Structures are given as C-alpha cells and as structure tokens.
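The block underneath contains the structure these notes are about, expressed in structure tokens.
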Amino acid sequence: LPLYIEQGLVLIKIGESGKIPLSGLSFDEGSDWRGQRYTLKKLAKDGSVFRVIPREEVGAVLPRLKEISEQWLKSKQGREKGFSLGFFNDEYISNFPVAIVERGGEIQAFANLWASADKNEISPDMMRYMDNAPSDTMEFLFLNTILWAKAQGFAYFDLGMAPLSGITGGPYGSLWGRA
C-alpha cells in the first residue's frame with residue numbers, strides 16, 4: 001500500500017475477502033462450533049457422504065454434475081454468468097478436483113476447487129446443488145471441504161470476495177461508497 005500511495009494512485013475498496021487459517025482449526029470443541037458439529041453429524045447420520053473426486057476422475061461424473069447444474073440454474077431462474085464466478089463447461093470442470101455430497105449413492109451437490117500449487121490456499125469456485133437436497137447440504141459440503149483441505153496440508157481456505165462488503169454509503173460515505 002505505501003508504494004501504491006507513493007505512486008499517486010487512489011485506494012478504492014471493492015469488497016472484502018475472507019480466508020480461514022487451517023493450521024489450528026477444529027470443529028471438535030467449543031460452543032462457537034456447536035452448530036457446525038450438529039450439521040456435520042446430522043447429515044452424516046441421515047446418509048450424506050462427502051468426498052473429493054480427483055480431477056483425473058471427474059469425467060466419469062460430468063453427466064450428473066451437468067444435470068445438477070442445469071436443474072440449479074432452472075430453479076434459480078438464471079443462466080450462466082461466466083464472468084466473476086465459475087460456469088459449467090465440461091472442459092473447464094475437468095481441470096479441477098470436485099468436492100461432492102452424495103446421498104443414496106447419487107451426487108446431490110458439488111463445488112469445483114481451485115488450489116494453489118504450493119498448498120497455501122484452496123477455494124471453492126462454482127457451487128451447485130439439487131433442490132431436493134437436505135437444507136444444510138451446502139454447509140455440510142463447505143465444512144467437509146475445509147476439513148479435507150486441512151488434512152491435505154493447505155494453509156488457508158479462501159471464502160472468496162464479498163463484493164461491496166464494508167463499503168459505507170449514505171451522506172457521510174465516500175463518493176465511491178455512495179455511488
């Protein structure tokens with residue numbers, strides 16, 4: 001930042017990024033993690049199973065992932081954006097490991113994962129789920145992906161950018177914030 005300012009450039013906040021340090025993370029203890037423990041146990045007890053499919057094996061499940069994606073888009077009355085978030089494309093998805101939640105042997109939810117080469121951080125990209133999946137399925141997917149990433153030796157789980165988060169508008173905000 002000092003070099004940036006020294007060059008006469010202007011700082012403009014566009015959002016906030018969230019990274020979870022994984023080294024000491026555990027959902028096993030403390031009242032702060034009670035809800036997460038409940039979700040992990042409840043869905044596992046009800047038959048939800050988490051696993052990560054290595055990118056070399058993603059081709060075998062592409063038809064199901066595409067089916068989930070199409071149903072998700074239809075239920076959200078949307079279409080693929082392909083700009084700031086991942087988009088469903090067979091070739092694109094095949095380049096990444098994919099975290100999945102299965103129920104009764106059928107995939108219910110998935111997220112492809114971006115991982116840094118040095119295992120510094122990992123981040124979910126495109127996330128999709130079936131309408132009939134249990135309500136906590138995506139939380140189950142995220143929590144298990146975090147635990148998996150920790151077990152794989154990643155330092156951080158990157159939650160990504162929350163655009164416009166922390167930007168103050170109103171009469172006392174910056175011109176950018178008010179805009």
Side-chain angles (χ1 to χ4, degrees), residues 18-20 22 25-29 32-117 119-163:
K19 289 186 181 183
I20 301 170
L22 299 177
L25 180 70
S26 172
F27 299 132
D28 295 333
E29 298 175 5
D32 290 344
W33 300 113
R34 181 180 32 234
Q36 287 73 24
R37 283 193 301 274
Y38 176 77
T39 298
L40 288 167
K41 290 177 185 173
K42 179 182 128 194
L43 267 75
K45 183 180 175 185
D46 290 345
S48 292
V49 176
F50 169 85
R51 68 184 173 107
V52 174
I53 301 172
R55 82 174 172 74
E56 301 81 25
E57 299 173 22
V58 170
V61 297
L62 275 174
R64 177 61 180 163
L65 301 182
K66 184 174 184 125
E67 179 184 338
I68 293 168
S69 182
E70 288 173 354
Q71 186 270 312
W72 185 86
L73 286 167
K74 186 177 180 181
S75 73
K76 303 294 181 227
Q77 298 177 345
R79 59 182 177 80
E80 294 286 8
K81 306 290 188 281
F83 171 67
S84 63
L85 298 172
F87 57 93
F88 196 91
N89 172 284
D90 290 355
E91 186 177 340
Y92 176 76
I93 296 296
S94 296
N95 286 303
F96 306 98
V98 176
I100 64 167
V101 174
E102 294 175 298
R103 201 169 166 79
E106 189 166 278
I107 300 173
Q108 294 285 298
F110 73 92
N112 65 307
L113 304 173
W114 286 352
S116 64
K119 288 195 171 184
N120 184 51
E121 64 184 47
I122 190 163
S123 180
D125 177 30
M126 182 183 58
M127 302 160 276
R128 304 279 162 93
Y129 59 92
M130 295 295 291
D131 282 345
N132 63 353
S135 63
D136 295 336
T137 298
M138 291 310 289
E139 182 179 357
F140 183 80
L141 179 90
F142 260 79
L143 294 171
N144 276 294
T145 303
I146 290 168
L147 294 172
W148 176 86
K150 179 182 176 186
Q152 297 299 310
F154 285 92
Y156 294 93
F157 186 82
D158 189 340
L159 295 167
M161 177 70 80

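This is a predicted model, so every value here is computed, not measured.
Remark: Ser116 OG to Phe154 CZ distance equals 6.0 Å, nearest 0.5 Å. Expressed to the nearest 0.5 Å, how far CG of Leu43 lies from OH of Tyr38 amounts to 9.0 Å. Annotation: the span from Glu70 atom CD to Arg128 atom CZ amounts to 10.0 Å, rounded to 0.5 Å. Expressed to the nearest 0.5 Å, how far CD1 of Ile53 lies from CG of Leu113 amounts to 10.5 Å. Distance check, rounded to the nearest 0.5 Å: CD of Gln71 to CG of Asp131 gives 4.0 Å. Here the CD1 atom belonging to Ile100 is positioned 4.0 Å from the CZ atom belonging to Arg51, to the nearest 0.5 angstrom.
What you find for Ala149 and Ile122 is that their closest heavy atoms are CB-CG2, 3.5 Å. Considering all non-hydrogen atoms of both residues, Gln108 and Asn132 come closest at OE1-OD1, 3.3 Å. Minimum heavy-atom separation, Ala109 to Ile68: N-CD1, 4.4 Å. When all heavy atoms are compared, the tightest approach of Glu91 to Asn89 is N-OD1, 2.9 Å. Among all heavy-atom pairs drawn from Asp158 and Glu121, the shortest one is OD2-OE2, 3.2 Å. Nearest heavy atom pair, residue Pro124 against residue Phe157, reads CD-CZ, 3.5 Å.
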task = Evaluate the side chain to side chain contact (heavy atoms under 4.5 Å, CB included) criterion for residues Met130 and Ile107: first the C-alpha distance (whole Å), next the side-chain angles of each, then the deciding distance (0.1 Å), finally the verdict.
result = CA-CA 9 Å; Met130 295 295 291; Ile107 300 173; over 6 Å; no
request  = Assess whether side chain to side chain contact (heavy atoms under 4.5 Å, CB included) is satisfied between Leu25 and Trp33, documenting all intermediate values.
outcome  = CA-CA 10 Å; Leu25 180 70; Trp33 300 113; 3.8 Å; yes
inquiry  = Run the side chain to side chain contact (heavy atoms under 4.5 Å, CB included) test on Met126 and Ile93 for me, step by step, so that the C-alpha distance in whole Å, both residues' side-chain angles and the decisive distance to 0.1 Å come before the verdict.
reply    = CA-CA 9 Å; Met126 182 183 58; Ile93 296 296; 3.2 Å; yes
Phe110/Val58 under side chain to side chain contact (heavy atoms under 4.5 Å, CB included): CA gap, chis, key distance, verdict = CA-CA 11 Å; Phe110 73 92; Val58 170; over 6 Å; no
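Side-chain contact between Leu62 and Phe88: present, with at least one pair of heavy atoms (C-beta onward) separated by less than 4.5 Å. Within the 4.5 Å cutoff, the side chain of Val61 has no heavy atoms near those of the Val98 side chain.
Remark: side-chain polar atoms of Arg103 are paired, donor with acceptor, to backbone N or O of Asp46 under 3.5 angstrom. Side-chain atoms of Arg37 come within 3.5 Å of backbone atoms of Phe27 as a donor-acceptor pair (strictly under, hydrogens ignored). A side-chain donor-acceptor contact under 3.5 Å links Lys119 to the backbone of Gln152.
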Taking only distance into account, with no hydrogens and no angle test, what donor-acceptor pairs under 3.5 Å do side-chain atoms of residues 136-146 form with protein atoms, sequence neighbours excluded?
{"from": "Asp136", "atom 1": "OD2", "to": "Lys42", "atom 2": "NZ", "distance (Å)": "3.1"}
{"from": "Thr137", "atom 1": "OG1", "to": "Pro134", "atom 2": "O", "distance (Å)": "2.6"}
{"from": "Glu139", "atom 1": "OE1", "to": "Thr39", "atom 2": "OG1", "distance (Å)": "3.4"}
{"from": "Asn144", "atom 1": "ND2", "to": "Phe140", "atom 2": "O", "distance (Å)": "3.0"}
{"from": "Thr145", "atom 1": "OG1", "to": "Leu141", "atom 2": "O", "distance (Å)": "2.6"}

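Residue Glu29 qualifies as open at atom CD: its count of foreign heavy atoms under 6.0 Å is 12 or below.
By the 30° and 60° cut-offs, the orientation of the rings of Phe96 relative to Trp114 is tilted.
Not a single salt bridge (charged side-chain N to carboxylate O under 4.0 Å, His left out) links Glu57 to another residue, sequence neighbours left out. With sequence neighbours excluded, the residues satisfying salt bridge (charged side-chain N to carboxylate O under 4.0 Å, His left out) with Glu106 are Arg64.
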